[in-house]
Amino acid sequence: MKRKNVRIAACAIAAVITFSGMELPVCASGNIGSVLPSAGIDYSLAGEKSTSFSSMKEEVVKEESKNLTASNVDIALSEVSEIPIGGALENTESAVSDKKIEDTIVVSEGYTEDLKKASNASKLSEEEEGFKSLVIAKVNDYVNVRDLPSEEGNIVGKLYDKSVGTFIEEEDGWYKISSGSVEGYVKAEFCVTGDDAVELAKEVGTRIATVTTTTLKVREEPGMDATVLGLVPIEDELIVTEELEGWVKVDIEEGNGYVSNEYVTLSTEFVKAESIEEEKARLAKEEAEREAARKAAAAASKSSSSQSSSSEGKTYAPPSGNASGQAVVDFALQFVGNPYVYGGTSLTNGADCSGFVMSVYKNFGVNLPHSSAADRSVGATVNGLENAQPGDIICYSGHVALYIGNGQIVHASTSKTGIIVSNASYRSILSIRRIF
């Protein structure tokens, strides 16, 4: 049979030579210099008489000083992606005696994908193991965190529904947890932990990609040559729906797209417990912000011109002096039909989603950030769309809108649609915030 160079991938060699208790096999007249070479260096299994794969398994290296066991070889092979082998394979015991042996034996793409999947599964398994140590509230509103494992204990905080703490110990039907700044006991019957927490953690946890570049391009497919679906500014937070090799699938206003993980940081967000002191401070801060917003709106109304403004023949009425969510909505709805412009803040010539919300509220003397992610922290929190009122800010993944009532929003949607009215539940809502 004609001699040919046969290149065998490292994993193929491992499959042949890895067996318990045997020394490293080679052909009778060949050697591998006592040790496997480092990645990129050739070694030879050549000689006057070449050996088949089956006979290779039966021979033993008889070197005086250095022997490698199968486990040693496994470790060495992990550093070698492909091992070139010079020489020929003769027809001895092989069933392929009259067939040509290809010049190269490679690992199939399917095998490579299996390795990737196995690696991902291993990571997921580690993450799931971590979820077992969580304590997740499963209640209508919240469960009290007490300083003692008893209903006689003082309340030190609240663990809200779907909020998460870390399990410390169990005592008489109570879980001791640590969550945020709170440490104490919650009644076990209102929470889940261990195996029951694994699947629930996946549901209540939010996988977030935070943009780290000035303007991130979201593409229709995972690749730098793929069509750009939309643009996202720095520090925006996007919900991750899938993680791939080098890419993550995210949810933006234009739809689901892909971003390179080089330009985002990934994290999993869980809602933590709130201490009694933190709750009091939050409520006081929210009330102060609402009062300041009312005063600013009243001052802005007095200083604003009573004359209407116009743009391209369309007339817009100034905001009313009524500092209320409904007044905000009435003012905002005038601009439906105007264009969407990425990075814009003009209600007439073009604004993006957060620029639209910011500019509407600016007319009421309220200064908001030009960031959909930052809007998730302004004003007071509203629990659920069923409790939303006109003027509330509805926050989505990479997007923000104004609630107008009856389950609808007004928002600067996309460059194709401009400023429009939509159903508030057309996408998953991350947060609802109230200014007035």
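- Closest approach of Gly180 to Lys272, counting heavy atoms only: N-CB, 3.9 Å.
- Taking a cutoff of 4.0 Å between a charged side-chain nitrogen and a carboxylate oxygen, Lys280 and Glu277 do not qualify as a salt bridge.
- In this structure, Asn349 contributes its side chain and Ser346 its backbone to no donor-acceptor pair below 3.5 Å.
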Could you check Lys138 against Asp161 for salt bridge (charged side-chain N to carboxylate O under 4.0 Å, His left out), going step by step and ending with a plain yes or no? CA-CA 5 Å; Lys138 201 171 181 181; Asp161 182 44; over 6 Å; no

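- Using a 4.0 Å cut-off between charged side-chain N and carboxylate O, Lys176 and Glu183 make a salt bridge.
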Listed pairs under 3.5 Å, donor-acceptor, residues 228-240 side chains, sequence neighbours left out:
residue : atom : partner : partner atom : Å
Asp236  : OD1  : Ser372  : OG           : 3.1
Asp236  : OD2  : Ser372  : OG           : 3.0
Glu237  : OE1  : Arg376  : NH1          : 2.6

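- For Arg282 and Glu286, the salt-bridge test passes: some basic side-chain N is under 4.0 Å from an acidic carboxylate O.
- A salt bridge between Lys158 and Glu279 is present, with a side-chain N of the basic residue lying under 4.0 Å from a carboxylate O of the acidic one.
- Residues Thr345 and His370 have side chains that never bring a donor and an acceptor to within less than 3.5 angstrom of each other.
- Using a cutoff of 4.0 Å between basic side-chain nitrogens and carboxylate oxygens, Asp375 and Arg433 are not scored as salt-bridged.
- Remark: Arg207 does not engage Glu269 in a salt bridge, criterion side-chain N to carboxylate O under 4.0 Å.
- Taking all atoms of both residues into account, the shortest heavy-atom contact from Arg294 to Phe436 is N-CE2, 3.8 Å.
- Between Leu402 and Val360 there is a side-chain heavy-atom pair separated by less than 4.5 Å.
- Taking the six-membered ring for Trp and the full ring otherwise, His411 and Tyr396 have centroids separated by 6.0 Å or more.
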